[in-house]
Protein chains: 2
Amino acid sequence: MTITITAFERSPDGGMGLARDTRVRWALEEVGQPYDVRLVSFAAMKEPAHLAVHPFGQIPTYEDGGLAIFETGAIVFHIATQHAGLLPHDPDPRARAITWMFAALNTVEPPILDLTVVKIIEGDKPWAAERLPLVKERIRDRLDRLSARLGDAEWLDGAFSAGDLLMVSVLLRSRMSGILDEYPNLAAYVARGEARPAYQRAFAAQLAVNAPTA
Amino acid sequence: MTITITAFERSPDGGMGLARDTRVRWALEEVGQPYDVRLVSFAAMKEPAHLAVHPFGQIPTYEDGGLAIFETGAIVFHIATQHAGLLPHDPDPRARAITWMFAALNTVEPPILDLTVVKIIEGDKPWAAERLPLVKERIRDRLDRLSARLGDAEWLDGAFSAGDLLMVSVLLRSRMSGILDEYPNLAAYVARGEARPAYQRAFAAQLAVNAPTA
């Protein structure tokens, strides 16, 4: 059986690695699983063939034998349950690592994604400039707490886990706005994530698809 | 060992059951586990004792013996792994049910929560009225797809699962805006969730805390 994931035919970020297939590539690299990629255009994402696998018409998806799933968090979790390396075996540390997976996607990412709304989706609206600081304050509310919890630890709860993989990926989306660098320990945490060989391979793989040809 | 969760001392919704402890109560009722509740004031949520359990200073939390976790999705998932009744045993249906858990919290809930931003948090801003239809369109983008996928099925993927528990809970937060009722099959799906005895018990338990005294 071969694992097949989907990714943008051309990512809107031009290869910065912020599209969600990078998270799945990273997880697969951490556990040493080879995978195929099927590239999907924006038009094809809304066609019945893709909607059959991803009901919301997005990427990434994950197919392996008879299983087809969508939703980045679920895919990363599935990979983490199928292969060693992304979740602790002991029940309590495992539950805490899973907690950080949900916290990354559900508590930290939503305010960060609002940057896309205020800057791009509603970027031409008359209120965009005045809303931006409000959006940033809501991000800081979360990062203040996250920074306090992380302190000078290397990872969120003991060894690197799928919780860190998702949290680093989420925080990366706040970097361009300058907010991440307001928190030196979070910026260093993200840098530790990016320095992992598995991340490097995942980033290079998405870049090979998305980088503008020189 | 006794399971102890936290909930608002007084929920901002006045007992409509939209606070996230209701989701955890519902999961515990589905699997037949008794639990204690520790009520927390808004001030106490930001104190060190609570932040030690919930680094973002929110509710609910879940404590059982030596384990202390936070984040509703993680708590519901933990309950579902400890007790039968919320996730299929077979690996593929189980992975699909978990997919719906993440989809509820990560793809469907964020645009719905934006209703709170536009109506309440930024309700006094001059752009609120003009932004509201944009926010509603982003919700409809998701519910169009969800409605198409659900069709006339009873639940999202076979038997009722933790994925349905979270999706119904998320959709409930769109009802007051009128959007849910634009989708008769989703409204009926939510009604099926609310009709479950476990939901009824969970709702009554939170209402007993939050209902204004007559």
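Every chain is numbered from 1, with letters handed out A, B, ... down the list of sequences. Heavy atoms only: backbone and side chains are in, while hydrogens, waters and symmetry mates are out.
- For A:I75, no part sits under 4.5 Å from any heavy atom of chain B, backbone or side chain.
- In this structure, chain B has a heavy atom under 4.5 Å from the backbone of A:A52, while its side chain stays farther away.
- Using a 4.5 Å cut-off between heavy atoms, B:L146 touches chain A through backbone and side chain atoms alike.
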Chain B against chain A: donor-acceptor pairs under 3.5 Å:
| unit_1 | atom_1 | unit_2 | atom_2 | d |
| --- | --- | --- | --- | --- |
| A:L51 | O | B:R149 | NH2 | 3.1 |
| A:A52 | O | B:R149 | NH2 | 2.9 |
| A:E71 | OE1 | B:T107 | OG1 | 2.9 |
| A:E71 | OE2 | B:T107 | OG1 | 2.9 |
| A:T107 | OG1 | B:E71 | OE1 | 2.9 |
| A:T107 | OG1 | B:E71 | OE2 | 2.9 |
| A:E122 | OE1 | B:R131 | NE | 2.8 |
| A:E122 | OE2 | B:R131 | NE | 3.4 |
| A:E122 | OE2 | B:R131 | NH2 | 3.4 |
| A:E122 | OE2 | B:R138 | NH1 | 3.2 |
| A:E122 | OE2 | B:R138 | NH2 | 2.8 |
| A:R131 | NE | B:E122 | OE1 | 2.8 |
| A:R131 | NE | B:E122 | OE2 | 3.4 |
| A:R131 | NH2 | B:E122 | OE2 | 3.4 |
| A:R138 | NH1 | B:E122 | OE2 | 3.2 |
| A:R138 | NH2 | B:E122 | OE2 | 2.8 |
| A:R149 | NH2 | B:L51 | O | 3.1 |
| A:R149 | NH2 | B:A52 | O | 2.8 |

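- Proximity to chain B (any heavy atom under 4.5 Å) is shown, for A:F56, by both the backbone and the side chain.
- Contacts between B:L113 and chain A at a heavy-atom distance below 4.5 Å are absent for every atom of the residue.
- Listed options B:A68, B:A95, B:P110, B:G66 were ranked by heavy-atom pairs under 4.5 angstrom with chain A; first place goes to B:A95.
- In plain terms, the two heavy atoms of B:A103 and A:F70 that are nearest each other are CB-CE1, 3.8 Å.
- If you measure heavy-atom distances from B:L105 to chain A, the contacts under 4.5 Å come from both the backbone and the side chain.
- Taking the side-chain contact (heavy atoms from CB on, under 4.5 Å) definition, one finds that B:P91 meets it with nothing, sequence neighbours left out.
- Of the residues considered (A:V117, A:L51, A:I121, A:L67), A:L67 shows the highest number of contacts with chain B, using heavy-atom pairs under 4.5 Å.
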